[in-house]
Amino acid sequence: MKMLINVPETVVADALRGMAAAHPELTVDVENRVVVRKDAPVAGKVGLVSGGGSGHEPLHGGFVGPGMLSAACPGEVFTSPVPDQMVRAAAAVDSGAGVLFIVKNYTGDVLNFDMAAELAEDEGVQVAKVLVNDDVAVTDSLYTAGRRGTGATLFVEKIAGAAAEEGQPLERVTALAKQVNENSRSFGVALSAVTTPAKGTPTFDLPAGELELGIGIHGEPGRERRPMMTSGEIADFAVGAILDDLTPRNPVLVLVNGMGATPLLELYGFNAEVQRVLSERGVPVARVLVGNYVTSLDMAGASVTLCQVDEELLRLYDAPVSTPGLRWGM
């Protein structure tokens, strides 16, 4: 497999050096693997820290900036960052108002963020945590006890980030983040396998003419494998799986997310089918976001995330944001 890299061993460091050159509004510590908004800590503001394995860009480093994350900790490809990174990030963004760790539900991430929270609190930083576990496809997957954390991470980081930007206290920011997670569900589909730089070949076998329904963002197995389906059939299955688990009482935010190798032409076509299914099921839509946000390197495929919102959550979602990966209102 051809990749635009030097050697696998330096792929994360090289990407961070490139990110630093492209985004002077961020402080990118290449050696210690921490990305921080340049104006941190902001007086009176809760700090938001997230992180995870590299390979899911723009998640998480691409969501650092006003209106979203204060800092992000990138691990090696598909590998959790270590507690030292998280402690360093918490110290960099703590203004005295506390820090919220936003953690996707993967065993390594959970263990390391838990350890980091204890270490940060030993250093005088007040830390709260929220676990993102929105994937309805499977329970107890390859890297996970319980449901996996996927596309809802974007909604959690955006809405909690807006609340923090307004100066809301740690308890309220944490409660909003948990509310967003509880109101969100996701389902992903793979049309091709993912190839990591270290391996250089696909991490699992997906024969031509087949797809994987319920894939994870690291290539974890899904619910089932089927012969290739049309965009409309995939939307019926994915949205149906979500609505089997979530009965929206309010309008929903919709994320149609590319896994990394699916063109926008296809994603917008898929979104048309997702909107058809939601209309047929009587689900009102508040906002729609289409693009590559929570990716899996070069995997072809897509995921759908729905998040039901009240007026307050929608107001915070619409609030200005200025990050490399998400930007509006500024």
Side-chain angles (χ1 to χ4, degrees), residues 56 58-59 134-138 147-155 158 180 183-194 206-217 219-309 314 317-318 325-326 328:
H56 305 303
L59 190 80
D134 54 303
D135 188 356
V136 303
V138 296
R147 288 180 168 178
R148 303 175 294 211
T150 57
T153 312
L154 181 149
F155 291 146
K158 173 62 189 75
V180 173
N183 288 348
S184 298
R185 302 291 189 277
S186 297
F187 193 93
V189 179
L191 309 183
S192 72
V194 58
L206 185 58
E210 295 187 7
L211 53 72
E212 183 90 16
L213 294 165
I215 195 74
I217 58 172
E220 307 98 314
R223 283 191 185 181
E224 61 180 285
R225 190 167 288 186
R226 288 189 182 183
M228 187 60 193
M229 301 157 65
T230 67
S231 177
E233 291 167 341
I234 295 170
D236 286 330
F237 193 101
V239 177
I242 291 171
L243 295 180
D244 285 346
D245 200 84
L246 177 73
T247 304
R249 301 176 303 279
N250 296 320
V252 296
L253 307 175
V254 181
L255 170 62
V256 172
N257 172 69
M259 292 295 193
T262 300
L264 273 171
L265 180 71
E266 296 176 27
L267 290 177
Y268 278 118
F270 182 51
N271 179 53
E273 297 298 337
V274 169
Q275 300 304 317
R276 171 188 59 79
V277 179
L278 292 172
S279 176
E280 291 172 354
R281 298 288 291 266
V283 179
V285 174
R287 302 287 186 272
V288 182
L289 187 63
V290 179
N292 291 287
Y293 295 101
V294 184
T295 62
S296 183
L297 291 170
D298 64 341
M299 182 188 290
S303 64
V304 178
T305 301
L306 303 183
C307 174
Q308 64 170 337
V309 290
L314 184 58
Y317 178 77
D318 284 341
L326 201 67
W328 61 66

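Just the heavy atoms: all of them, side chains too, but no hydrogens, waters or symmetry mates, feed the values below.
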Checklist entry - What do the steps show when you test Gln275 against Val254 for side chain to side chain contact (heavy atoms under 4.5 Å, CB included), and what is the final call? => result CA-CA 9 Å; Gln275 300 304 317; Val254 181; 3.9 Å; yes
Next on the checklist: Tell me every residue that passes salt bridge (Lys or Arg N to Asp or Glu O under 4.0 Å) with Glu224, counting only those two or more places apart in sequence or in another chain.
Outcome noted: Arg226
Checklist outcome for this item: OG1 of Thr305 to CZ of Phe155, rounded to nearest 0.5 Å, is 6.0 Å
Item to check | Short side-chain to backbone donor-acceptor contact, Asn257 and Val294, under 3.5 Å | outcome: yes
Next on the checklist: Please evaluate residues Glu273 and Thr230 with respect to the criterion side chain to side chain contact (heavy atoms under 4.5 Å, CB included), reporting the C-alpha separation (whole Å), side-chain torsions for both, the decisive distance (0.1 Å), and the verdict.
Outcome noted: CA-CA 10 Å; Glu273 297 298 337; Thr230 67; over 6 Å; no
Checklist entry - Would you find a donor on one side and an acceptor on the other, under 3.5 Å apart, between the side chain of Arg223 and the backbone of Ala137? => result yes
Item to check | Minimum heavy-atom distance between Met259 and Asn292, given as atom pair plus value | outcome: N-OD1, 3.8 Å
Next on the checklist: Are Val138 and Arg148 packed together at the side-chain level, in the sense that at least one heavy-atom pair is separated by less than 4.5 angstrom?
Outcome noted: yes
Checklist entry - So do Asp244 and Val136 actually touch side chain to side chain, heavy atoms under 4.5 Å? => result no
Next on the checklist: Which heavy atom of Arg225 sits nearest to which heavy atom of Pro207, and what is that distance?
Outcome noted: NH1-CD, 3.6 Å
Next on the checklist: Is any side-chain heavy atom of Val194 closer than 4.5 Å to one of Asp298?
Outcome noted: yes
Next on the checklist: For Ser296 versus His56, what's the shortest heavy-atom pair and its separation?
Outcome noted: CA-ND1, 4.4 Å
Next on the checklist: Between Leu211 and Leu191, is there a side-chain heavy-atom distance shorter than 4.5 Å?
Outcome noted: yes
Checklist entry - Can you check whether Ala152's main-chain N or O pairs, donor with acceptor, with Asp134's side chain at less than 3.5 Å? => result yes
Checklist entry - Which heavy atom in Thr153 sits nearest to a heavy atom in Thr150, and how many Å separate them? => result OG1-O, 2.7 Å
Item to check | Pairwise salt bridge (Lys or Arg N to Asp or Glu O under 4.0 Å) hits with a residue in residues 257-266, at least two apart | outcome: none
Item to check | Side-chain touch Leu243/Pro248, heavy atoms, less than 4.5 angstrom | outcome: yes
Checklist entry - Backbone N or O of Asp135 within a donor-acceptor pair of the Ser186 side chain at under 3.5 Å? => result no
Next on the checklist: Any non-hydrogen side-chain atom of Leu289 less than 4.5 Å from a side-chain atom of Tyr317?
Outcome noted: yes
Checklist entry - Any sub-3.5 Å donor-acceptor pair from Asn183's side-chain atoms to Cys307's backbone N or O? => result no
Checklist entry - Quick one: CD1 on Ile215 to CZ on Phe187, what's the gap to the nearest 0.5 Å? => result 10.0 Å
Checklist entry - What pairs with Ala261 under side chain to side chain contact (heavy atoms under 4.5 Å, CB included), at least two apart in sequence or on another chain? => result Ala300
Next on the checklist: Working to the nearest 0.5 angstrom, can you tell me the gap between Tyr293 OH and Leu255 CG?
Outcome noted: 8.0 Å
Item to check | Over all atoms of both residues, closest heavy-atom pair of Gly258 and Thr295 | outcome: O-CG2, 3.5 Å
Item to check | Asp318: salt bridge (Lys or Arg N to Asp or Glu O under 4.0 Å) partners, not counting sequence neighbours | outcome: Arg287
Checklist entry - Does any non-hydrogen side-chain atom of Val180 lie less than 4.5 Å from one of Lys158? => result no
Checklist entry - Partners of Gln308 by side chain to side chain donor-acceptor pair (under 3.5 Å), sequence neighbours excluded? => result none
Checklist entry - Do Phe270 and Val290 touch side chain to side chain, with heavy atoms closer than 4.5 Å? => result no
Acceptor/donor pairs from residues 278-286 side chains to any protein atom, 3.5 angstrom cut, sequence neighbours excluded:
{"unit_1": "Glu280", "atom_1": "OE1", "unit_2": "Arg276", "atom_2": "NH1", "d": "3.2"}
{"unit_1": "Glu280", "atom_1": "OE2", "unit_2": "Arg276", "atom_2": "NH1", "d": "3.3"}

